[in-house]
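Please read these numbers as outputs of a predicted model, since none were measured by experiment. Letters A, B, ... are given to chains in the order of the sequence lines, protein chains preceding strands, and every chain is numbered from 1. FYI, side chains are in, hydrogens and waters are out, and symmetry mates aren't considered; it's all heavy atoms of this structure.
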Number of protein chains: 2
Amino acid sequence: MQTATHASVAPIRFVPRATAAAIDDAPTPLKTQCSTCHLKDLCLPCGLTGTDVERLDGLKFARRRVKEGQAIYHEGDKFQFIYAVRSGTFKSTLNLRDGREQVTGFQMAGELLGLDGLASGKHASTATALEDAEICAIPYAHLSELASTSTDLQHVISRLMSREIVREHSLMMLLGSMNAEERLAAFLLNISQRMKARGYSASEFHLRMSRAEIGSYLGMKLETVSRTFSAFAHQGLLEVDKKHVRITDLPGLQQAFELRVQ
Amino acid sequence: MQTATHASVAPIRFVPRATAAAIDDAPTPLKTQCSTCHLKDLCLPCGLTGTDVERLDGLKFARRRVKEGQAIYHEGDKFQFIYAVRSGTFKSTLNLRDGREQVTGFQMAGELLGLDGLASGKHASTATALEDAEICAIPYAHLSELASTSTDLQHVISRLMSREIVREHSLMMLLGSMNAEERLAAFLLNISQRMKARGYSASEFHLRMSRAEIGSYLGMKLETVSRTFSAFAHQGLLEVDKKHVRITDLPGLQQAFELRVQ
DNA sequence: CGCAGGGTTGAAACCTCTCAAATAAAGTGG
DNA sequence: CCACTTTATTTGAGAGGTTTCAACCCTGCG
């Protein structure tokens, strides 16, 4: 549904896991401009004035298609690009010793990926497409060069990083002090809000992630996620059919979540 | 023990909660330089070359004493300063609806506080001293002005923010996939490492936070924290007496933690 | 000296996890 | 196009770990 508006983009070949980093070094040389992007109010240009947005157009970055299941970078890969999601949904994950993965976030259109790579020069997580997607690959060197000519742009980047910190704070609160129902309610309300901000229905949507991925993100087992979905359905808060969700009692769902959180 | 090295600083009066923000507007006008600070390898100047560190000296910021229990900013306060811990320990907290608080981090000498305020211009958390402490209050406006003259300084700030994101990632992993023993082991090893980096013993230290605060941070109840301490003691991994901890089997503790994490 | 706050420990309740089985959907290959 | 396999999801029952409630100890302080 989200990819429908970007049909005129050259597809890139599928890149197997071991060499996925290689695509970072040779992005499709297709130029894109921020000033005319339909996501400019959500994405990098958000908060910038006309002149600064135009300055952003000086950035030479490429659009890329990413197939479902394909990673745009892996934990440990050299950090060179920041990625903006144009369409589709991604998950960010950390690898656990026993081979399992911990989901640290889901990213939707207009959201940025890869900011955790600045710390050490290597990506600290892996970003994988949950459906066929499209991204802008922004060379960090160019971006920071550009930022040195505009304090406003500097602030925007700092603000975006700060937002990520704040987001993770609330996730820590969720993981540290909420039970299963509160966690899932918080998750669904968050998705609902983000769908709404992107012009989709806030009450009915298609989850792109599996029960296991939701569980990993929320710190619970997939069976518990499934059970909690069923419990919400029995309570009349929503209707679920696999990944399709329809919220039928938004205030009720908010109450299930707001029992604890400020 | 940490405060002993900084005795020649004018004390500030205790400021009650409601007006604590006021001290932000009138910091003690005592100038400090980064280039001669004993924390320069841990703190803001970390990674900067000689010339850039000198440029940091152009920053006019004040040192301040903070009494145990006093907050340097509260959730919702206007964001103006970034704070560097000179001595002492702080906790960062979020308020929960039911009046309880969620601890999102502990900060030691050389670590920064307040970066979460950039996102919205208001502090997203509260920072409270766990013991008498000393901080540098760095006006963010000055810092970002200075950063516009040095790309290296820009990078340092970005890197520090990114580090915070990475730190929170691993905490999410901890909260999402570890049991009580793994959590406490991870916490103690982290504290141990940070003590070591500051020139203190890695194996014997005094915790500045209560069982309840540790529990809030680690997503467990204070009784469980206490029980897990006792369990470690029974296993011969450490000796505990209230807040005093001596790690007697570091490899054993690491094993208790590394069972899951990469 | 009594009290409050922080810490420890015990026992039972409760929630989530684990293990297991059944179902449905989707992909595979003849 | 149909059996077959694989994967995702749901649901049940019992195990297990953490929380809850409670009692008790210790220390510092007015």
Inset, instruction - Specify the separation, in whole Å, of atom CG of B/Asp241 and atom P of C/dT8. - result: 8 Å
Inset, instruction - Consider the side chain of A/Ser230, meaning its heavy atoms from C-beta on, and name the nucleotide among C/dT9, D/dT9, D/dT11 that approaches it most closely. - result: D/dT11
Legend entry - Atom pair distance, as rounded to whole Å: NZ in B/Lys243 and C1' in C/dG5: 10 Å
Legend entry - Between D/dT18 (C1') and A/Leu175 (CG): distance, integer Å: 16 Å
Legend entry - 5' priority, DNA chain C, between A/Ala180 and A/Glu223 [closest heavy atom]: A/Ala180
Inset, instruction - Return yes if the base of C/dG5 and the side-chain atoms of B/Arg211 contain a donor-acceptor N/O pair under 3.5 Å, otherwise no. - result: no
Legend entry - Sugar-phosphate, base or nothing in reach of B/Gly219, heavy atoms under 4.0 Å: sugar-phosphate
Inset, instruction - Check every atom of C/dT16, D/dT11, D/dC21 against the side chain of A/Thr224 and return the nucleotide holding the closest atom. - result: C/dT16
Legend entry - Side-chain H-bond candidate by donor/acceptor type, A/Glu239 with A/Thr248, under 3.5 Å: no
Inset, instruction - Identify the heavy atoms of A/Leu218 and A/Leu174 that sit nearest to each other, and give their distance. - result: CD2-CD2, 3.9 Å
Legend entry - From C/dT9, D/dT10, D/dT19, nucleotide with atom closest to B/Ser226 side chain: C/dT9
Inset, instruction - May I ask you to say what B/Ser210 touches in the nucleic acid, namely base, sugar-phosphate or nothing, with a heavy-atom cut-off under 4.0 Å? - result: sugar-phosphate
Legend entry - Nearest-Å distance for atom pair CD/C1', residues A/Glu68 and D/dA8: 13 Å
Inset, instruction - With DNA chain D as reference, determine whether B/Leu222 or A/Val225 sits nearer its 5' end, using the nearest nucleotide of each. - result: A/Val225
Inset, instruction - Could you tell me whether B/Tyr83 and B/Phe90 have their ring centroids closer than 6.0 angstrom? - result: no
Legend entry - Check: B/His244 and B/Glu204 side chains under 4.5 Å, non-hydrogen atoms: yes
Inset, instruction - Counting heavy atoms from C-beta on, name the nucleotide in C/dA25, D/dT11, D/dT19 closest to the side chain of A/Arg227. - result: D/dT11
Inset, instruction - Let me know the distance between NZ of A/Lys221 and P of D/dA13, rounded to the nearest Å. - result: 22 Å
Legend entry - Spacing between A/Met209 atom CE and D/dA8 atom P, to the nearest angstrom: 15 Å
Inset, instruction - Classify the side-chain pair A/Ser87/A/Glu134 by whether it contains a donor and acceptor separated by less than 3.5 Å. - result: no
Legend entry - Nearest-Å distance for atom pair CD/P, residues B/Glu239 and C/dG7: 19 Å
Legend entry - Atom pair distance, as rounded to whole Å: CD in B/Glu181 and P in D/dG17: 10 Å
